[in-house]
Amino acid sequence: MAVDTHCPYCALQCAMRLAPHGPSAATVATEPNYDDGKPALPAAGTPLEAAGRDFPTNRGGLCRKGWTSPALLDSPERLTEPLLRGGDGSFRPIGWDEALDLAAGAIRSSRSLHGPDSVGVFGSGGLTNEKAYQLGKFARLALGTSRIDYNGRFCMSSAAAAGNRAFGVDRGLPFPLADLDQAHTVLLLGSNVADTMPPFVQHLQGARAAAGLIVVDPRHTATAALTEAGAGLHLQPTPGTDLALLLGIAHVVVHEGLADESFIRERTTGFGALLRSLNHWWPARVQTVTGVPAELIRETAHRLASGARLGAAGQATSGTYILTGRGVEQHIDGTDTATAAINLSLLLGLPGSSHSGYGTLTGQGNGQGAREHGQKADQLPGYRRITDPAAREHVAGVWGVRPEQIPGPGVPAVEMLMDLGRPGGVRCLLVHGSNVAVSAPDNAAVIRGLRNLDFLMVSDFFLSETAAEADLVLPVLQWAEEEGTMTNLEGRVLRRRRSIDPPAGARSELWIMAELARRLNAPSSFSADAAAVFEELRRASAGGPADYSGISYGMLDAGAEAYWPFPTGSAGTPRLFLDCFAHDDGRAKLVPVSPTAPAEVLNGPGSLTLVTGRLLEHYQSGAQTRRVAELAAAQPEARLQVHPVTAQGLGVADGDLLEVTSDRGSVRVRADVTIGIRPDTVFLPFHFREEQSANVLTSAATDPISGMPEFKSTAVRVRVMVKAGAL
């Protein structure tokens, strides 16, 4: 049988169909075969193949990662039994009862010796809504700890903080992605969608045809190349200066009569203070900071305003959209940079319109849903604040506990990771669906912290770099082996369906949490059934900003569109803010912001600015995609992009083995000499491990509002170790 589901990777959540290898996965009947009332699924290890399925986000398209995603399901590296580290450092298989008894004992011991906050949980934006919800509940009730956060802190936290501050709610795209199709102008800042989510590009064709695609990126990426041949503009600011660039564009909007004055007057607050703050950022000054010519800054402002006016006039191809990605958000002033983009969109009257808008591109597969239901250090289900007495009372009622039994806010991910094994820090850590040994900033320090722990338990389906450091590794289900829901970048809730039987020794994380909770005599109840957990999630989220109470598995299985908030009895909310924003007064807040000094001196004598990011073939830490032969063959190693002028000055030739050094450590990678990058900038992908791990170099400095690490501006020195001809 074939099963309709969605890709396991990015937040585009492309629709796909999985079927046993052989007859085309696109044509095999989708009616399930039943045996004793249960669907007969392919046995574990059966080769599957993927086919794209028509859906509004991907319209049948998949990227290379999506096409090859079934390869992981029968990988020979799959974990199928719990592993315990012995005294000699090697792992040996043990039974599930022994594994869970050991874990429960370690948790009880840590709580007894060091208090409940000595136990920590690190989650993931790749977990289903059900697992994310139950993990937050498990941490707070079964473990009694406030120390829970997740890898979305590295991804969406600045955009989320900015959205909450300006609009009163955070949903990545507050409109359906298909709304972009007819856009006249799209300003895309800090996102290389042509590589990171290729099917997204089809939604930019209208803007390209209208010469209205504007891409901001210090690299000439595959996305920037879409602006060529008169399709738009490519602005290449110095890394870390996006905030100044946005202030310069906004300056032109307000001083050259391009602002939507009625929208500002009727639907926003704070314009006077914002105007005063923008007076300092005239285009000529911004040019000296960013390197972007003043005339391009003015042209950008006028194109954005022109598209917005066409949208208001109801033209067929019309409207302006401003979209941000990690490139402008993963900075110590990332929240303020995202806020500057929101301010610009509000000045132009874009949010809350039926033809224009502002949004941010969620990265991880469930980056949206995973941050809504309790994995973040300061949140409860439904995107409720954990410090809100009414929120605590509501959730406690659903859980059947007293509000005071729910711990208060914890600490953001980087702070938690940097204190591992230290006095007052986490001593016993449980990791679910994340590979912090590769993905965290200053990861050499993080690995030292993992090794200083009293106990580390990692739940994963491969022996990732983090799992390799663990005392106990628990084998869990992969995406096609489980039921659940995901929430994509549009805030649309989707069904993840089980398509194949899992290996006999692997277990659902819901089951693991339920079994550990039982051993720990936890209050409340913990189910191993995804449908039952979702029903509880519905009740816990009811009345919150991210209300899922009106959504059911039956509705999703029938193909209904389900955009949150979706209160019981409603039809959901495909487009937010049409009538009002989520603040008490119904208005959006214009918040003055200004650039912050970088965490370290950039472009000093002998140094270059390192930018990190993704490749087309790989995803996140590479723990999955590096195990797919086709993807690994296409991109087997990290390469440092260097401009030819810079390379000449350093004596670097293409293919040379380089040493790249920051104040935190060094990596060894080959040179990729290309004109697709600024001369003052180098680029390194972050998917690789050990001596090629980009996050050996990055800093643990964080945005004071969001806790987002500074991934995009690192001072590095580059030298040749071995010439290409000598390798």
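- Residue Arg326 forms a side-chain hydrogen bond (donor to acceptor under 3.5 Å, both in side chains) with just one option from Thr196, Thr360, Thr612, and that option is Thr360.
- For Glu490, the side-chain hydrogen bond (donor to acceptor under 3.5 Å, both in side chains) partners are Asn488, not counting sequence neighbours.
- Between Pro685 and Leu615 the shortest heavy-atom distance is CB-CG, 3.7 Å.
- Under the 30°/60° scheme for interplanar angles, the aromatic rings of Phe167 and Tyr358 are found to be tilted.
- Of the possible polar contacts, none joining the Thr185 side chain to the Thr320 backbone as a donor-acceptor pair under 3.5 Å is found.
- Expressed to the nearest 0.5 Å, how far CZ of Arg678 lies from CG of Asp217 amounts to 11.0 Å.
- The closest side-chain heavy-atom distance from Ile677 to Arg219 is below 4.5 Å.
- Pairs passing the ring pair (Phe, Tyr, Trp, His ring centres under 6.0 Å) check and including a residue from residues 596-621, sequence neighbours excluded, read Tyr9-Tyr619, His618-His687, His618-Phe688.
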Which pairs would a plain distance check flag for residues 252-259, meaning a side-chain donor or acceptor within less than 3.5 Å of a matching protein atom at least two apart in sequence or in another chain?
from: His255; atom 1: NE2; to: Asn279; atom 2: OD1; distance (Å): 2.9
from: Glu256; atom 1: OE1; to: His302; atom 2: NE2; distance (Å): 2.8
from: Glu256; atom 1: OE2; to: Arg298; atom 2: NE; distance (Å): 3.3

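- Val201 and Gln205 make their closest contact through O-NE2, 3.1 Å (heavy atoms, listed as atom of the first residue, atom of the second, distance).
- Under the 3.5 Å distance criterion, the side-chain polar atoms of Arg171 are matched with a main-chain donor or acceptor of Leu173.
- No side-chain donor-acceptor contact under 3.5 Å links Ser306 to the backbone of Arg303.
- For the pair Lys723 and Asp656, the salt-bridge criterion is met [side-chain N within less than 4.0 Å of a carboxylate O].
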message = Determine whether Asn435 and Thr466 satisfy the following criterion, side-chain hydrogen bond (donor to acceptor under 3.5 Å, both in side chains), listing intermediate values before the conclusion.
response = CA-CA 5 Å; Asn435 190 13; Thr466 304; 2.7 Å; yes
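- Considering only heavy atoms from C-beta on, Gln236 stays 4.5 Å or farther from Pro218 through its side chain.
- Note on residues 622-679: no pairs pass ring pair (Phe, Tyr, Trp, His ring centres under 6.0 Å), not counting sequence neighbours.
- Ion pairing between Glu465 and Arg626 holds under the 4.0 Å rule for side-chain N and carboxylate O.
- For the side-chain contact (heavy atoms from CB on, under 4.5 Å) with Leu245, the qualifying choice from Val328, Thr238, Leu296, Val292 is Val292, the only one to do so.
- Looking at Asn603 and Thr609, their side chains do bring a donor and an acceptor atom within 3.5 Å of each other.
- Judged by distance alone, with hydrogens and angles left aside, the side-chain atoms of His331 form a donor-acceptor pair with the main-chain N or O of Gly327 at under 3.5 Å.
- The shortest distance between side-chain heavy atoms of Thr227 and Ile214 does not fall below 4.5 Å.
- Each of Val611, Asp672, Val667 was evaluated against Leu684; a single residue qualifies, Val667, per the side-chain contact (heavy atoms from CB on, under 4.5 Å) test.
- Rounding to the nearest 0.5 Å gives a distance of 10.5 Å between CG of Leu12 and OG1 of Thr362.
- Minimum interatomic distance between Pro239 and Asp680 (heavy atoms only, all atoms of both residues): CD-OD1, 4.4 Å.
- Thr223 places a side-chain N or O within 3.5 Å of a backbone atom of Val193 that can act as its donor or acceptor partner.
- Between the side chain of Ser693 and the main chain of Glu690, no donor-acceptor pair closer than 3.5 Å is present.
- Every residue two or more places apart in sequence or in another chain that forms a ring-ring contact (aromatic ring centres under 6.0 Å, His included) with Phe175 is listed here: Tyr321.
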ask   = Is there a salt bridge (charged side-chain N to carboxylate O under 4.0 Å, His left out) between Asp170 and Arg165 once you walk through the steps?
value = CA-CA 9 Å; Asp170 153 46; Arg165 181 164 68 176; over 6 Å; no
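- A donor-acceptor pair under 3.5 Å is formed between the side chain of Arg422 and the backbone N or O of Met418.
- Using a cut-off of 4.0 Å between Lys/Arg side-chain N and Asp/Glu carboxylate O, Arg448 and Glu469 are scored as not salt-bridged.
- For the residue pair Thr324/Glu329, the side-chain donor-acceptor check at 3.5 Å is satisfied.
- Here the NE2 atom belonging to His234 is positioned 10.5 Å from the CG atom belonging to Leu188, to the nearest 0.5 angstrom.
- When the shell of 6.0 Å around CZ of Arg668 is examined, it contains 12 or fewer heavy atoms from other residues, nucleotides or ligands.
- Under a 4.0 Å N-O distance rule, the pair Glu710/Lys712 does not qualify as a salt bridge.
- Contact record, Phe122 with Ala413: CE1-CB, 3.6 Å, taken as the closest heavy-atom pair.
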request  = Evaluate the side-chain hydrogen bond (donor to acceptor under 3.5 Å, both in side chains) criterion for residues Asn695 and Thr698: first the C-alpha distance (whole Å), next the side-chain angles of each, then the deciding distance (0.1 Å), finally the verdict.
outcome  = CA-CA 5 Å; Asn695 284 319; Thr698 54; 2.9 Å; yes
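- A donor-acceptor contact shorter than 3.5 Å is absent between the side chain of Thr241 and the backbone of Pro237.
- Closest non-hydrogen pair, Thr714 versus Ser662, comes out as CG2-CB, 4.1 Å.
- When all heavy atoms are compared, the tightest approach of Leu235 to Thr300 is CD2-OG1, 3.6 Å.
- Listed for the Arg208 side chain is a donor-acceptor partner under 3.5 Å among the backbone atoms of Leu226.
- Without hydrogens or angle criteria, Asp336 side chain to Val593 main chain gives no donor-acceptor distance under 3.5 Å.
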request  = Could you walk me through whether Ser439 and Phe686 pass the side-chain contact (heavy atoms from CB on, under 4.5 Å) test, one step at a time?
outcome  = CA-CA 7 Å; Ser439 64; Phe686 53 56; over 6 Å; no
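- Once rounded to the nearest 0.5 Å, the distance linking CD of Gln620 with OG of Ser434 reads 9.0 Å.
- Annotation: the span from Leu697 atom CG to Arg717 atom CZ amounts to 10.0 Å, rounded to 0.5 Å.
- Atoms CG and CZ, from Asp260 and Arg309 in turn, are 10.0 Å apart once rounded to the nearest 0.5 Å.
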request  = Take Lys65 and Leu631, measure what side-chain contact (heavy atoms from CB on, under 4.5 Å) needs, and give me the verdict at the end.
outcome  = CA-CA 8 Å; Lys65 294 184 290 292; Leu631 301 178; 4.2 Å; yes
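- The ring-ring contact (aromatic ring centres under 6.0 Å, His included) test applied to Phe683 returns no partner, not counting sequence neighbours.
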inquiry  = What verdict does the side-chain contact (heavy atoms from CB on, under 4.5 Å) test give for Val682 and Thr646, after you've listed the backbone C-alpha separation in whole Å, the side-chain angles of each residue and the deciding distance to 0.1 Å?
reply    = CA-CA 9 Å; Val682 290; Thr646 307; 5.5 Å; no
task = Check the pair Arg371 / Gln368 against side-chain hydrogen bond (donor to acceptor under 3.5 Å, both in side chains), numbers first and verdict last.
result = CA-CA 6 Å; Arg371 70 179 182 271; Gln368 184 70 62; 3.2 Å; yes
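- With 3.5 Å as the limit, one finds no donor-acceptor pair spanning the side chains of Arg689 and Gln692.
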